[in-house]
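The structure appears below as structure tokens.
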Amino acid sequence: MKKVGIILVSHVPEIANGIPKLLVQVAPDVSLSSAGGTDDNDIGTSMEKILSAIEKNEAEEVLAFYDIGSSKMNLELAIEMTDKQVHLYDTAFIEGAYTAATLIQAGVPLDEIEKQLAPLKIK
Amino acid sequence: MKKVGIILVSHVPEIANGIPKLLVQVAPDVSLSSAGGTDDNDIGTSMEKILSAIEKNEAEEVLAFYDIGSSKMNLELAIEMTDKQVHLYDTAFIEGAYTAATLIQAGVPLDEIEKQLAPLKIK
Amino acid sequence: MLTAENTKKWMDSFYRKIEENKDYLSELDTPIGDGDHGNNMMRGMDGVKNSLAQLQDPDLKTVLKAIAMGLISKVGGASGPLYGTAFLEMAKKCSETQKVNELLSVALAGIKKRGGATEGDKTMVDVWSPVAQSNAITPKIIDDAIASTKDMQARKGRASYLGERSIGHLDPGAVSSGYLFTALLETEGTL
Amino acid sequence: MLTAENTKKWMDSFYRKIEENKDYLSELDTPIGDGDHGNNMMRGMDGVKNSLAQLQDPDLKTVLKAIAMGLISKVGGASGPLYGTAFLEMAKKCSETQKVNELLSVALAGIKKRGGATEGDKTMVDVWSPVAQSNAITPKIIDDAIASTKDMQARKGRASYLGERSIGHLDPGAVSSGYLFTALLETEGTL
Ligand SMILES: Nc1ncnc2c1ncn2[C@@H]1O[C@H](COP(=O)(O)OP(=O)(O)O)[C@@H](O)[C@H]1O
Ligand SMILES: Nc1ncnc2c1ncn2[C@@H]1O[C@H](COP(=O)(O)OP(=O)(O)O)[C@@H](O)[C@H]1O
Ligand SMILES: [Mg+2]
Ligand SMILES: [Mg+2]
Ligand SMILES: [Mg+2]
Ligand SMILES: [Mg+2]
């Protein structure tokens, strides 16, 4: 397992569950965890689900990606409540996560990954 | 129903099925159709599935969004095979589709929608 | 002065207003959002009610924290972490002061930090800010603040995607915040 | 000169090479891609085999079109629309000429248009291009073309995300294209 993992936060459970299927193909050694939907699996986000996705990620340090603005706020709250080091990116959701996954798998250091994520910042 | 619809193409069936759930909340009158995965529902894309998503969209004109590069090629092939007018955008996938859905629902004309999509172009 | 007791009463009153206006709040959220603000707030206030019901003789800090966690856990939309952060900040501050305007002032700062919005962005901030800054909260201050969001162009939240087309609609989070402060006004001993 | 008959034999031979090298192609796709190129091509060639088996006494155009549609329908990855477009372009052109280098030349143009790649981008184009441009295809031309992709930095496809780190690996689509042309070389009467 790589030292850096990825967490994915979406308003929709299916999206949160689906993205790891795209990423695992290029990043089999990257720990991927995700949080989608509200506590009742409605459309929305849940701080608790996000927190548990962060906690159960097997990596020491995690990169976080989200779909739209309201996910970010719950993600930030969760980040404040965990001891894990979480880096949050305002990039295109799927494309940012895909890029990060590819580069983590290839052993690229975080500062270089961030350089490659920079042009994907759209929020 | 609005005259402009949206089609979503992903490598992953769950992602393709999940995005409409995010969009329908802000765009109940926009026809949304999607194609995800290969013919066998493996990770990949299927020109036939894309073509049928285009054909079954209830709108006269559709805006197409996709996840990563290889989806685009099958999408272009499908576009060549349909009589429907399809506009393909190289924007952030979910964010582009969400923006377009919001604006179509509000009755914004296509040229203005495209202006708002322009800064989301990342591929 | 907030106390554990009057804060719980405040929440009872806010609960009832949300319950009464749930559909209206969701309707407000329809043209410029995703139409769920009333349901979100109702779910959140049910969460708050349940959390508060479980507390035995709590102090003010515990009450404010329970409100925050109820909202954060249950709302599901942007207003959850925003209202939640507001009450979390009040909880942090309330050992030092129980004065409403001082507590609302840290709450406002929390909302602004959490959502990145400022005055004029057509959000709940446009109600929280004038209320937190007034020496004496009045119905007029609240109503004017709510009404001011109508002509604003949204710069944060879902409504911001609509640009100029967001003008002409009240902001749903501003309206629900109005209920919160009206409930506060109506709760004896808080001000 | 391509005919319906020798084109079908060409595909039989390509099928066997893909079958034999399926795992190798997927291995090549692992460090710089998603590890599925062998499986994709195998699925595609199964599709081609089935499509061709259903044709009764077809002409060349029908054969080329069936190959294209088999690949487009079944591959599932980027190589599907790329190989598919190549054969589709050959099908469009083959009423006018059946000469291999003229057909490969329209096929190459199709691949470039479909994928936006050009020579040096570390893709199948780096094999299709020198082969299409040579007056006489030889094993050396094919092998050199494949080998040339090793030191290239990928600028298209999944490998391009790796930037400089894509250097030092053969491109899987270049290797599978090599099998296609080796199969062509080995099919009597095509050249
Ligand atoms: N970034 C923000 N800063 C401040 N308030 C915001 C922000 N985003 C949204 N809001 C407030 O939240 C309200 C919408 O809440 P709600 O409908 O519950 O969330 P969602 O938009 O996730 O469905 C808006 O009317 C606005 O007042
Ligand atoms: N834009 C492109 N232009 C030309 N060839 C490409 C392009 N993208 C990918 N390829 C070719 O496709 C091969 C990968 O095919 P495959 O693994 O089947 O697809 P995927 O990457 O979708 O999994 C690459 O090795 C390369 O030769
Ligand atoms: Mg809402
Ligand atoms: Mg919502
Ligand atoms: Mg591949
Ligand atoms: Mg693939």
Side-chain angles (χ1 to χ4, degrees), chain A residues 6 8-28 32 34-38 40-46 49 65-72 74 89-103 105 115-123, chain B residues 6 8-28 32 34-38 40-46 49 65-72 74 89-103 105 115-123:
Chain A
I6 289 180
L8 302 152
V9 179
S10 174
H11 272 59
V12 185
E14 282 98 323
I15 298 177
N17 296 333
I19 299 176
K21 299 187 180 174
L22 183 68
L23 306 193
V24 72
Q25 295 199 306
V26 292
L32 308 167
S34 56
T38 66
D40 312 321
N41 289 320
D42 279 338
I43 308 307
T45 56
S46 150
K49 276 191 178 176
F65 299 89
Y66 65 91
D67 53 5
I68 54 172
S70 38
S71 312
K72 183 181 180 179
N74 267 327
Y89 299 99
D90 295 323
T91 60
F93 182 33
I94 294 185
E95 296 85 346
Y98 180 85
T99 303
T102 302
L103 298 175
Q105 178 69 32
K115 259 184 225 151
Q116 209 158 320
L117 289 176
L120 302 180
K121 184 173 185 324
I122 51 152
K123 341 191 195 194
Chain B
I6 290 180
L8 301 152
V9 180
S10 174
H11 272 60
V12 184
E14 281 97 325
I15 297 177
N17 296 334
I19 299 176
K21 300 188 180 174
L22 184 68
L23 305 193
V24 73
Q25 294 200 307
V26 291
L32 308 167
S34 57
T38 66
D40 312 321
N41 290 320
D42 279 337
I43 308 307
T45 56
S46 150
K49 276 192 179 177
F65 299 89
Y66 65 90
D67 54 3
I68 55 172
S70 39
S71 312
K72 183 182 180 178
N74 267 328
Y89 300 99
D90 296 323
T91 59
F93 182 32
I94 293 185
E95 295 87 346
Y98 180 84
T99 302
T102 301
L103 298 175
Q105 178 69 32
K115 257 183 226 153
Q116 209 159 322
L117 288 176
L120 301 180
K121 184 173 185 323
I122 51 152
K123 351 193 190 194

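Just the heavy atoms: all of them, side chains too, but no hydrogens, waters or symmetry mates, feed the values below. Throughout, a chain's letter reflects where its sequence line sits, starting with A, and its residues are numbered from 1.
- Within the 4.5 angstrom heavy-atom criterion, only side-chain atoms of I94(A), from C-beta onward, approach chain B.
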- Query: Between I19(A) and I15(B), is a side chain to side chain contact (heavy atoms under 4.5 Å, CB included) present by the stated rule, with each step listed?
  - Reply: CA-CA 7 Å; I19(A) 299 176; I15(B) 297 177; 3.7 Å; yes
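- Across K123(A), E95(A), H11(A), the residue that shares the most heavy-atom pairs under 4.5 angstrom with chain B is E95(A).
- Contact annotation for F93(A): both backbone and side-chain heavy atoms come within less than 4.5 Å of a heavy atom of chain B.
- Heavy-atom distances place both the backbone and the side chain of D67(B) under 4.5 Å from chain A.
- If you take CD on E14(B) and CG on L22(A), they are separated by 11.0 Å, rounding to the nearest 0.5 Å.
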- Step by step, would you call I122(B) with I122(A) a side chain to side chain contact (heavy atoms under 4.5 Å, CB included)? CA-CA 9 Å; I122(B) 51 152; I122(A) 51 152; 3.8 Å; yes
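- I68(A) touches chain B through its side chain: at least one heavy atom from C-beta onward sits under 4.5 Å away, while N, CA, C and O do not.
- Contacts of S10(A) with chain B are absent, with no heavy-atom separation under 4.5 Å from either backbone or side chain.
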